[in-house]
Amino acid sequence: MRYLTAVIFSLIIPTTIFSQTTISGKVKDNKGKPLAGASITIKDSYDGASADSAGNFKFTSSETGEHLLTVTNIGYNSFEQKITLNGTAIVINASLKEKLDELKAVTVTAGSFAAGDNKRAATVLTSLDIATVGGGNADITAAVKTLPGAQQVGDQDGLFVRGGAGYETKQYIDGTVVNNPFFTSIPDISTRGRFSPFLFKGTVFSTGGYSALYGQALSSALILESIDLPEQSAANASISPILVGAGFQQLDKNKKSSWGVNYSYVNLVAYFNIVSQTPDYFKMPEFHNGDANFRIKTKSGGMIKYYTTFSKSKLGLRRPDIDSMAIKNAFGIDNLNWYNNLSWRENLGRGWKMNLGLSYSTNSDDLTQELQDQNNNPQKFPDQPWLAYKNFVIDARQELSQVKAVFDKKMFGISTVRFGGEYWYNVDRSKFNDTMRKISDNYQALFAETDIYLTNDLAAKIGGRFERSSIINKTNIAPRVSLAYKVGQGAQVSAAYGMFYQKPENSQLYYSTNLGYTKATHYIINYQKMTNDRIFRIEAYYKKYEDLIKTIPRNYYYFDYNNSGSGHAQGFELFWRDKKSIKNFDYWISYSYLDTKRDYLNFPGQLQPNFAANHTASLVMKRFIMDIKTGFNFTYTYATGRPYYFFQYNGTGNKYTIGDQGTTKDFHNLGFSMNYVPSVGKTNAKTFWVLVASVTNVLGYNPVYGYNYSYNGANKQPIVPPAKRFFFIGAFFSWGVDRTQDAINNNL
């Protein structure tokens, strides 16, 4: 028996020793860095090991024959290789490719500031940020002006960005363009935007290089995405010396649908009796604003949203006429605006998504201007045409209908392709005294764009846009490319290139449709680093303008249009936001340097436009003090002086020359607001309310935006605001939703 046992062991032991195979090697990522902790196993066995800090591993296996070796690590795609186990040592060098992850992947940031609930975007401004910008009075445009790229223009409507005119920036809600985002213009006085920041859950301010999904904006795009379902049913009310309002939002019990209505009335008669104004208001500013909405969540997780807003306003003011101190200019506005937006976002399955948008808006303006004597009686000057043309009546109406469809398809990893098209039908009617003009346009666009993620550190957005306008009978093709590369923890470099086209303004197309698109080519590069509660960003850009509209005089009163204008804009910008360094204190700093010149309209050559300042900076500070339940907000803005010109008609050469020019003094503005939130800390409060006080230009600086000239240039008057400061105080109530914690979290 002992002899038999010895024989059996002598046969088994050599076989066991022979069948043990040593497997060793190293695990690295696709950049050659070792992956500590990677798991290495032989599939369907218990044999394996973990990589050490240098990525090395070694183990033995008693398995024999052909097997599958698997290497895995969290955040990386697995590695597999067939091996044959026969006692011969095996060396494996495995390279694991990082798994593409939407939360970890780099995002293209060149030219864009994003805010909202997109976890992957650089959150710069939330709705509450916008509402609490010191002196901003919850105006979206006023808050955006504290970001790099935007100019401080107080005498014209619009958002002026990187050397572009106000009409070269467009606003979009849920994918479709808004035709009249601001209240009707008043000569030499800028007006605020029509929309509340609390309507939107996402905001993208693109200073250039924006997506191919959007068009007809030569310089910039402000892209707004409306909220989905409210948190719960709620009522609200607001009251101040100039404003009363109320609203209600009803959320269905199953939390799959909601509807709501709001109304507000603004009248400045009491305010103007307390705070004197430079103009003589013979018709006090009065505004009626109402809106309604419904939202439905679909079975597949999509969303149908409808929003409508209605606004009616009127005002009238008198100012001295610059051509004769013996007469006055009386200007009046009666405006009616109605805007509608219907959108449908749906998951179609198999990686497909659909976004449909419909919108319709109409805007009517009855404008009157009348020369009056010192007793406010109408005056006519038929033998003095430079005065006679100031008596006019304008009845203008704009209508815009749109439909837009965008389809998304997930490709490999997290890469996506999206494509679609849109159609606009625009009708513009204007009656100037007895002369009626009408234009209409059928505008079509096709677009395609793809987000390609090669790794979590490298991404590209490549797209293009095809457009056609019937009124000018022209087409264009606009390529756009953006890249982003991660250079460290929370840090990345982005670059963008694109061509952007825009139709001439309707006021120009009234006189000539023999025009082409205006064009701008954007080149952008930036560096951005984000850590917890901190953002640093620096960006440089160059923008080339081509085919801008020029006015060619026939005589003093009549001129022709062509596309011979050109120009450029270049500069760099800085942005820093910090909510961490100082306890309970939030602030951001922005700076913009702009070098721009353009030859357009009646400019006699390449000149810096009168809306462009070379240097602009803003400092925004916020602090909420729990002990007194009050938030304090300050905004200081500075800009160097802007150029001004008097272009004088030269009949001899049938051209314009510069009769006078200069630079305004530097611009300063310190805005302040405070919000008292008494319900902070109360757990069973039934009414939540906030008391808000705000003032612009706290230090009483006297800004000059430019100068108006008489027809012969002999007289000039500074363009100044109607009053040095604007004051606001009001109380806002809500029943059903407690917003106080949002106010605290926003500042802590």
Side-chain angles (χ1 to χ4, degrees), residues 151 153 155-156 158 160-168 187-188 218-219 322-323 385-387 389-390 502-521 542-571 594-615 639-665 704-719:
Q151 294 283 292
V153 179
D155 57 326
Q156 303 174 56
F160 296 77
V161 179
R162 290 184 174 175
Y167 55 80
E168 294 174 11
D188 299 334
L218 205 62
S219 291
I322 194 170
D323 285 308
W386 60 90
L387 291 176
Y389 83 93
K390 296 183 182 181
Q502 186 170 342
K503 294 186 301 179
E505 293 296 284
N506 286 341
S507 59
Q508 299 160 347
L509 293 171
Y510 277 143
Y511 298 96
S512 174
T513 58
N514 189 28
L515 296 170
Y517 294 101
T518 58
K519 177 184 177 183
T521 306
Y542 174 77
K543 183 162 52 174
K544 181 181 180 182
Y545 290 104
E546 299 174 82
D547 303 325
L548 298 180
I549 302 300
K550 283 284 292 181
T551 54
I552 310 301
R554 284 188 256 166
N555 53 48
Y556 183 83
Y557 300 102
Y558 299 98
F559 42 79
D560 297 315
Y561 293 93
N562 64 32
N563 283 91
S564 62
S566 61
H568 77 272
Q570 59 190 3
L594 171 65
D595 170 27
T596 182
K597 286 184 173 61
R598 56 167 58 189
D599 178 13
Y600 83 136
L601 300 181
N602 62 344
F603 280 32
Q606 292 280 340
L607 297 171
Q608 182 173 333
N610 59 4
F611 50 76
N614 294 117
H615 304 275
T640 52
R642 292 161 26 197
Y644 62 86
Y645 311 97
F646 170 59
F647 297 132
Q648 193 166 27
Y649 173 69
N650 185 337
T652 303
N654 199 33
K655 62 181 180 180
Y656 290 105
T657 59
I658 299 177
D660 185 40
Q661 64 179 317
T663 303
T664 65
K665 61 181 180 178
V704 175
Y705 298 127
Y707 288 89
N708 286 324
Y709 289 85
S710 60
Y711 80 99
N712 59 6
N715 299 321
K716 73 177 181 179
Q717 293 176 347
I719 301 172

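Here the structure is a predicted model, which means the values were calculated and not measured.
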(request) Report the distance from atom CG of N712 to atom CD of Q648, rounding to the nearest 0.5 Å. (result) 8.0 Å
(request) Looking only at non-hydrogen atoms, find the nearest pair between Y545 and S219 and report the distance. (result) OH-OG, 3.2 Å
(message) Donor-acceptor pair, distance only, cut-off 3.5 Å: does the side chain of Q608 make one with the backbone of A612?
(response) yes
(message) Side chains of V161 and Q151, heavy atoms from C-beta outward: is any pair under 4.5 Å?
(response) no
(message) Just so I know, are the side chains of N708 and I719 near enough to count as touching, which here means a heavy-atom distance under 4.5 Å?
(response) yes
(request) Would you indicate whether the side-chain heavy atoms of Q661 and Y644 approach each other to under 4.5 Å? (result) no
(request) Using the six-membered ring wherever Trp is involved, compare the ring planes of H568 and Y542 and label them parallel, tilted or perpendicular (cut-offs 30° and 60°). (result) parallel
(request) Give a yes or no on whether the backbone of N610 and the side-chain of R642 come within a donor-acceptor separation of less than 3.5 Å. (result) yes
(request) Please examine the side chains of T664 and Y705, heavy atoms only from C-beta on, and report whether any two atoms are closer than 4.5 Å. (result) no
(request) Provide the closest heavy-atom pair for P553 versus Y649 in the form atom of the first, atom of the second, distance. (result) CB-CE1, 3.7 Å
(request) Output all residues satisfying side-chain contact (heavy atoms from CB on, under 4.5 Å) with T518, sequence neighbours left out; order by chain, then residue number. (result) L218, Q502, L548, I549, N563
(request) Calculate, to the nearest 0.5 Å, the distance between atoms CZ and CZ belonging to F603 and F647 respectively. (result) 4.5 Å
(request) Please check if the side chain of T640 supplies one atom and the backbone of H615 the other of a donor-acceptor pair under 3.5 Å. (result) yes
(message) Ignoring hydrogens, what is the shortest heavy-atom contact between Y645 and L607? Give both atom names and the distance.
(response) OH-CB, 3.7 Å
(message) Has D547 got a side-chain atom pairing as donor or acceptor with S566's backbone, closer than 3.5 angstrom?
(response) no
(message) Could you tell me if the side chain of T657 sits less than 4.5 Å from the side chain of P604, heavy atoms only?
(response) no
(message) Quick check with a 6.0 Å cut-off and a 45 degree axis cone: is K716 positioned over the face of Y707's six-membered ring?
(response) yes
(message) Surrounding NZ of K655 (heavy atoms of other residues, nucleotides or ligands, distance under 6.0 Å), is the total greater than 12?
(response) no
(request) First locate atom OH of Y711, then atom OH of Y389, and finally report the distance between them rounded to the nearest 0.5 Å. (result) 11.0 Å
(message) Can you confirm whether the side chains of Y511 and T551 place a donor and an acceptor under 3.5 Å from each other?
(response) no
(message) Under a plain distance cut-off of 3.5 Å, with no hydrogens placed, do D595 and Q570 share a side-chain donor-acceptor pair?
(response) yes
(message) So S512 and D560, do their side chains get closer than 4.5 Å, heavy atoms only?
(response) no
(request) Measure the OG-NZ distance between S564 and K550 for me, rounded to the nearest 0.5 Å. (result) 6.0 Å
(message) Please give me the minimum heavy-atom distance between T513 and L509, naming the atom from each residue.
(response) CG2-O, 3.7 Å
(request) Please tell me if the side chains of T596 and P609 come closer than 4.5 Å, counting only heavy atoms from C-beta onward. (result) yes
(message) Using the rule salt bridge (Lys or Arg N to Asp or Glu O under 4.0 Å), only one of R162, K543, R598, K519 pairs with E168; which is it?
(response) R598
(message) Donor-acceptor pair, distance only, cut-off 3.5 Å: does the side chain of N614 make one with the backbone of L594?
(response) yes
(request) Answer with yes or no after comparing the ring centroid distance for F646 and Y709 against a 6.0 Å cut-off, counting only values under it. (result) yes
(request) Please determine, by modelled atom types, if Y561 and N514 share a side-chain donor-acceptor pair under 3.5 angstrom. (result) no
(message) Quick check: do F160 and Y167 have side-chain heavy atoms less than 4.5 Å from each other?
(response) no
